[in-house]
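Since the structure comes first, as structure tokens, the remarks are kept for the end.
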Amino acid sequence: MITREEIANVLDQPVYDGDGNKIGDAKHVFFDDMTGRPEWVSVKTGMFGSTESFVPIRDAALVQDHLEVPYGKDQVKGAPSVDVDAGGHLSETEEHRLYDYYGINWDSVLSEAERTDDDRFAAGPGTAGAAGAAGAAGLAGTRGEAGGKDLPGTAGAGGTAGTAGGMTGRQDAMEREAMRGDQAMTRSEEQMHIGVERHESGRARLRKYVVTEEVQQTVPVTHEEVRVVREPITDANRDKALAGPEISEAEHEVTLHAERPVVETETVPVERVRMTTEELTENETVRGQVRKERIEAETESFTEDEMRQGDKRRGRE
């Protein structure tokens, strides 16, 4: 269980679930009005901390530099949204909804609060002094420094007989009186922070494949044909003509030649192809909702009779 002394080490620290997954950052701690113990921690989740979820802090533990809660990341992020009133309080209805969501029995919470309250009043003067210190912390909660419900400061009045809490009941009363003198209130508003995230939008690839296409080209080819040439007998060829027998049969053969096309292929590189990427920047409009606090002054007028009655009451006092 987180103690009051550890609250300063919890705020703005990372919050993890039992499996080591980061849920978000702790922003506010809410105290129980009856027991004065830390009861809830609000965790900023989502992109840029745009969502705030409530987690029970009763079973949480401070581990090194982070807070560890026994609930899964998805369960915390899915917790119901609740409203905090202007005084920094969760209503009983809102708390009941949260306890039901986390599977915590509401009757056991009330019984535990009653036992703690009874023990505090029955513990004697020294414990009452400690309750006085708790009251001062409650006033700090009202200012918003602890970020949550104010503790039972009135219980500190019973601490005059003991100093176990580190301050007497009189000092606690002086602290409350000083707080009542502060008439200012803080106005806050949400600011929207826009960022970008890089994600995969598609893929491109180069693929090489083979196609076959018809190529036509005309080439000249030659062939031989037989042509019979008849020559008359002349003095120049007479001797060859009379060299053979006078009457006989003979045969003379000539080999004919022809050309035909011969195709062969050769692979040669013709170009290189590669891919590159380039970034293009374009403007995109982002819309969101932010909450702002407004402060207005209200005045109440009293009649003369009411003012006279008030003067009479102060005179009796």
Side-chain angles (χ1 to χ4, degrees), residues 1-106 108-110 112-113 116-117 133-153 186 188 190-191 291 293:
M1 177 181 293
I2 302 299
T3 64
R4 289 163 36 125
E5 292 75 13
E6 295 175 315
I7 295 302
N9 299 327
V10 170
L11 298 179
D12 297 323
Q13 295 301 317
V15 179
Y16 287 78
D17 64 10
D19 296 329
N21 301 312
K22 182 178 178 181
I23 303 173
D25 295 323
K27 289 302 178 183
H28 302 91
V29 173
F30 289 74
F31 297 89
D32 188 277
D33 286 332
M34 297 177 63
T35 65
R37 296 184 308 189
E39 191 71 17
W40 300 95
V41 59
S42 66
V43 183
K44 286 286 188 179
T45 61
M47 187 180 295
F48 312 117
S50 57
T51 306
E52 193 167 2
S53 301
F54 281 75
V55 190
I57 202 173
R58 54 170 52 199
D59 296 323
L62 193 60
V63 181
Q64 296 180 352
D65 59 346
H66 68 270
L67 182 69
E68 187 172 296
V69 296
Y71 304 101
K73 178 178 180 180
D74 293 337
Q75 184 180 9
V76 174
K77 295 180 71 173
S81 299
V82 296
D83 294 327
V84 180
D85 63 20
H89 282 74
L90 284 173
S91 68
E92 182 177 330
T93 302
E94 298 287 35
E95 269 200 307
H96 203 160
R97 280 208 305 145
L98 287 172
Y99 279 126
D100 285 345
Y101 176 77
Y102 285 103
I104 300 175
N105 186 273
W106 175 253
S108 66
V109 174
L110 293 179
E112 182 180 349
T116 304
D117 200 43
L139 292 169
T142 304
R143 294 197 301 268
E145 295 174 4
K149 292 172 149 184
D150 47 337
L151 302 181
T186 301
S188 304
E190 295 178 338
Q191 295 181 346
R291 297 178 299 172
E293 296 176 342

What distance separates [X] [atom1] from [Y] [atom2], expressed to the nearest 0.5 Å?
X: Asp19; Y: Lys73; atom1: CG; atom2: NZ; result: 11.5 Å
X: Ser81; Y: Arg97; atom1: OG; atom2: CZ; result: 7.5 Å
X: His28; Y: Leu11; atom1: NE2; atom2: CG; result: 8.0 Å
X: Thr93; Y: Asp83; atom1: OG1; atom2: CG; result: 11.0 Å
X: Phe31; Y: Ile57; atom1: CZ; atom2: CD1; result: 8.5 Å
X: Leu90; Y: Glu95; atom1: CG; atom2: CD; result: 5.5 Å

Check: [Y] and [X] side chains under 4.5 Å, non-hydrogen atoms:
X: Val55; Y: Val15; result: no
X: His66; Y: Val63; result: yes
X: Gln13; Y: Leu67; result: no
X: Arg4; Y: Arg37; result: no
X: Phe30; Y: Pro38; result: no
X: Val43; Y: Lys27; result: no
X: Ile23; Y: Val69; result: yes

Exercise. Should the ring pair Trp40 and Phe54 be called parallel, tilted or perpendicular, given that the plane angle runs from 0 to 90° and is split at 30 and 60?
Worked result: perpendicular

For this session: Using atom types as modelled and distance alone, determine if a side-chain donor or acceptor of Asp100 lies under 3.5 Å from a backbone N or O of Gly103.
Result: no

For this session: Give a yes or no answer on whether the side chain of Glu293 reaches the backbone of Ser188 with a donor-acceptor pair at less than 3.5 Å.
Result: yes

Kindly give the heavy-atom pair with the smallest separation between [X] and [Y], and that separation in Å.
X: Tyr101; Y: Gln75; answer: OH-O, 2.5 Å
X: Pro14; Y: Asp25; answer: CA-OD1, 3.5 Å
X: Glu52; Y: Ser42; answer: OE2-OG, 2.6 Å
X: Pro70; Y: Asp59; answer: CD-O, 3.7 Å

